[in-house]
Amino acid sequence: MAIVVAKIGTVLSAKTLALERFLSSPSSSSSTRGLGLRVVACRSSPSPSTETGISRAQRSMVEAFDPEIPLPEAITPPSSWYTDPSFLALEFDRVFFRGWQAVGYTEQIERPHDFFTGRLGNVEFIVCRDTNGTLHAFHNVCRHHASLVASGSGQKSCFVCPYHGWTYGLDGTLLKATRITGIKNFKKDEFGLIPLAVATWGPFVLIRFDRHPVPHQNCCIKTVENDWLGSASNILSTNGIDSSLKHVCRREYTIQCNWKVFCDNYLDGGYHVPYAHGDLASGLNLDSYSTLIFEKVSIQRCEGGPTDKDGFDRLGSKALYAFVYPNFMINRYGPWMDTNLVVPVTTTKCQVIFDYFLDVSLVDDKVFMERSLEESERVQMEDIVLCEGVQRGLESPAYCSGRYAPTVEMAMHHFHCRLHECLGNI
């Protein structure tokens with residue numbers, strides 16, 4: 001069940017917390033605990049731990065954020081969440097390599113023999129549809145000497161490794177291993193591509209990267225829906241998040257910031273919109289902004305504002321901005337839907353993949369499409385400047401943690417609480 005948690009209103013002014021010199025003082029913890037704050041060192045050095053799979057430094061960083069503190073009193077996660085390479089390694093293990101992850105859209109694998117490739121962390125993957133129309137996903141790694149067996153996207157009748165010619169069917173079966181005369185203890189049927197669980201929901205393709213054997217490649221849609229979206233699935237599917245729109249283009253951005261900086265920017269409840277996106281703000285009624293919180297999803301909603309004098313209106317009468325934990329955003333407005341997939345590259349760099357979908361009645365209206373995409377591009381450029389500036393600030397010794405504006409930044413707080421739950425789960 002969703003909880004309506006906010007409308008834009010009075011905003012709690014942010015207050016910069018003490019510098020690291022203060023944080024290291026013996027009295028700092030006791031002097032701040034009465035305010036509901038947890039103050040910890042912003043940066044830490046790696047150290048061994050008795051806990052399996054997590055170092056003491058990682059554990060300390062996770063525990064630096066306390067999800068039990070009420071939002072009006074809470075402080076944001078420490079800057080180490082955004083700057084420490086070991087923390088990103090923990091996120092891959094406990095966030096991205098567990099549970100369903102959005103990796104593409106269904107038009108990419110619409111026909112038999114369609115395929116596309118991708119990478120998340122150190123995992124290279126292929127998604128394809130075989131001759132019979134069955135959907136598959138595999139690790140994109142040849143079982144011979146680890147070469148990637150495919151790249152890009154398109155159509156193939158089989159995957160031929162470019163290194164030594166080992167050939168795999170679209171169902172992952174090893175069809176041919178070249179020049180292996182004399183090999184011993186080799187069973188061809190044991191050397192197929194290693195499978196990954198794959199599914200679709202609406203127009204989206206999902207993969208599970210869990211580090212354990214996958215018993216069945218394709219999974220029950222209801223199970224997938226519940227695991228990925230929880231109780232938010234109905235509100236999304238009944239508000240235009242479906243397969244009726246046509247994919248029209250993809251744009252990719254490399255941003256010099258931690259992946260969570262981009263997510264935080266998205267989840268501030270429209271707080272930054274009037275300050276950073278003047279043109280966008282003029283097309284929205286920001287006083288109507290509200291936020292719904294679900295188990296794994298947060299949804300921000302806003303009514304549209306007045307149309308341009310020339311009648312151009314890409315936003316329509318209402319906009320819905322859905323964040324699907326941990327890194328996928330679905331934006332539905334007017335005749336448009338665009339999705340933002342945030343892929344960590346390094347601790348301080350991410351790739352954001354935008355896919356644009358449009359009502360089929362407008363796909364031939366090139367003027368409307370180009371103007372809409374130009375306006376969207378302007379917003380993205382403005383956000384990139386913001387996100388890269390925040391990352392530089394996070395790396396400054398002057399910053400450790402900040403505060404939440406409790407009337408608007410509840411979706412951001414929910415995101416941080418969800419991360420804490422996953423990262424701290426032993």
Side-chain angles (χ1 to χ4, degrees), residues 101-111 113-120 125-129 150-156 200-207 236 239-255 259 262-263 265-266 277 279-280 283-284 304 308 310-316 318-324 327-343 345 349-387:
Q101 306 294 328
V103 296
Y105 56 95
T106 52
E107 286 184 54
Q108 292 176 288
I109 37 85
E110 196 169 30
R111 302 165 299 168
H113 298 180
D114 282 349
F115 81 97
F116 69 88
T117 60
R119 177 185 176 97
L120 179 62
F125 62 86
I126 307 171
V127 179
C128 65
R129 199 173 288 281
S151 61
S153 62
Q155 279 223 322
K156 285 184 180 292
T200 62
W201 186 89
F204 309 125
V205 179
L206 316 173
I207 289 180
L236 294 179
N239 279 271
I241 313 299
D242 56 46
S243 300
S244 65
L245 305 180
K246 177 70 175 176
H247 184 267
V248 294
C249 73
R250 166 174 285 193
R251 293 181 175 176
E252 300 182 13
Y253 305 89
T254 298
I255 307 178
W259 70 277
F262 189 92
C263 296
N265 179 70
Y266 184 88
H277 305 309
D279 290 340
L280 176 61
L284 296 171
D308 290 353
D310 61 2
F312 175 78
D313 180 20
R314 75 181 179 97
L315 297 177
K318 63 179 181 179
L320 180 149
Y321 307 104
F323 178 81
V324 183
N327 66 330
F328 190 57
M329 294 143 231
I330 309 169
N331 311 303
R332 187 69 169 93
Y333 48 94
W336 286 97
M337 178 175 73
D338 69 71
T339 61
N340 321 144
L341 178 64
V342 188
V343 182
V345 178
K349 182 166 69 174
C350 65
Q351 181 186 43
V352 184
I353 302 170
F354 277 69
D355 283 304
Y356 289 88
F357 304 80
L358 182 61
D359 189 289
V360 293
S361 66
L362 292 169
V363 294
D364 293 326
D365 188 340
K366 302 303 180 185
V367 173
F368 175 79
M369 187 186 304
E370 290 176 6
R371 183 170 173 183
S372 296
L373 292 173
E374 285 175 4
E375 291 196 2
S376 178
E377 177 80 3
R378 186 181 307 118
V379 174
Q380 310 325 318
M381 292 299 102
E382 292 165 348
D383 275 334
I384 287 173
V385 172
L386 295 176
C387 290

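Counting begins at 1 with the first residue of the sequence.
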Checklist entry - side-chain contact (heavy atoms from CB on, under 4.5 Å) between Q101 and F125: does it pass, once the steps are laid out? => result CA-CA 12 Å; Q101 306 294 328; F125 62 86; over 6 Å; no
Item to check | Distance-only donor-acceptor check, side chains Y321 and N340, under 3.5 Å | outcome: no
Checklist entry - Does the side chain of S376 come under 3.5 Å of the side chain of Y356 through a donor N or O and an acceptor N or O? => result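 S376 vs Y356: donor-acceptor pair found between side chains.
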Item to check | Y266 and D383: CA distance, side-chain angles, deciding distance, side-chain contact (heavy atoms from CB on, under 4.5 Å) verdict | outcome: CA-CA 9 Å; Y266 184 88; D383 275 334; over 6 Å; no
Does some side-chain heavy atom of [Y] sit less than 4.5 Å from a side-chain heavy atom of [X]?
{"X": "V205", "Y": "I109", "result": "yes"}
{"X": "I241", "Y": "R332", "result": "yes"}
{"X": "V248", "Y": "W336", "result": "yes"}

Nearest heavy-atom neighbours spanning [X] and [Y]:
{"X": "D359", "Y": "S361", "value": "OD1-OG, 2.6 Å"}
{"X": "V360", "Y": "K246", "value": "CG1-CB, 4.0 Å"}
{"X": "I255", "Y": "C387", "value": "CG2-CB, 4.3 Å"}
{"X": "M369", "Y": "L358", "value": "CE-CD2, 3.9 Å"}
{"X": "D242", "Y": "M337", "value": "O-CE, 4.3 Å"}
{"X": "V324", "Y": "I330", "value": "CG2-CD1, 4.1 Å"}

Donor-acceptor contact present, side-chain [X] to main-chain [Y], <3.5 Å:
{"X": "T117", "Y": "G152", "answer": "yes"}
{"X": "H247", "Y": "C249", "answer": "yes"}
{"X": "Q108", "Y": "F116", "answer": "no"}

Checklist entry - side-chain contact (heavy atoms from CB on, under 4.5 Å) between R378 and H277: does it pass, once the steps are laid out? => result CA-CA 9 Å; R378 186 181 307 118; H277 305 309; over 6 Å; no
Item to check | Non-neighbouring partners of E252 that pass salt bridge (Lys or Arg N to Asp or Glu O under 4.0 Å), sequence neighbours left out | outcome: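 None.
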Spatial distance of atom [atom1] ([X]) from atom [atom2] ([Y]) [nearest 0.5 Å]:
{"X": "I353", "Y": "N327", "atom1": "CD1", "atom2": "CG", "result": "9.5 Å"}
{"X": "K318", "Y": "Y333", "atom1": "NZ", "atom2": "OH", "result": "15.5 Å"}
{"X": "L320", "Y": "N331", "atom1": "CG", "atom2": "CG", "result": "8.5 Å"}
{"X": "N265", "Y": "I384", "atom1": "CG", "atom2": "CD1", "result": "10.5 Å"}
{"X": "L120", "Y": "I207", "atom1": "CG", "atom2": "CD1", "result": "9.0 Å"}
{"X": "W259", "Y": "L341", "atom1": "CH2", "atom2": "CG", "result": "11.0 Å"}

Checklist entry - Applying the ring pair (Phe, Tyr, Trp, His ring centres under 6.0 Å) test to F328, which of F323, W201, F204 qualifies? => result F204
Next on the checklist: Working note: I126 + K156, criterion side-chain contact (heavy atoms from CB on, under 4.5 Å); need CA distance, chi angles, decisive distance, verdict.
Outcome noted: CA-CA 12 Å; I126 307 171; K156 285 184 180 292; over 6 Å; no
Checklist entry - Excluding sequence neighbours, so at least two apart, what forms side chain to side chain contact (heavy atoms under 4.5 Å, CB included) with S243? => result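 Applying side chain to side chain contact (heavy atoms under 4.5 Å, CB included) to S243 gives P203.
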Item to check | Qualifying residue, where the test is side-chain hydrogen bond (donor to acceptor under 3.5 Å, both in side chains) with Y253 and the options are Q380, Q351, E377 | outcome: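 Exactly one candidate clears the test, E377.
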Checklist entry - Charged N to carboxylate O below 4.0 Å: is that the case for R129 and E110? => result no
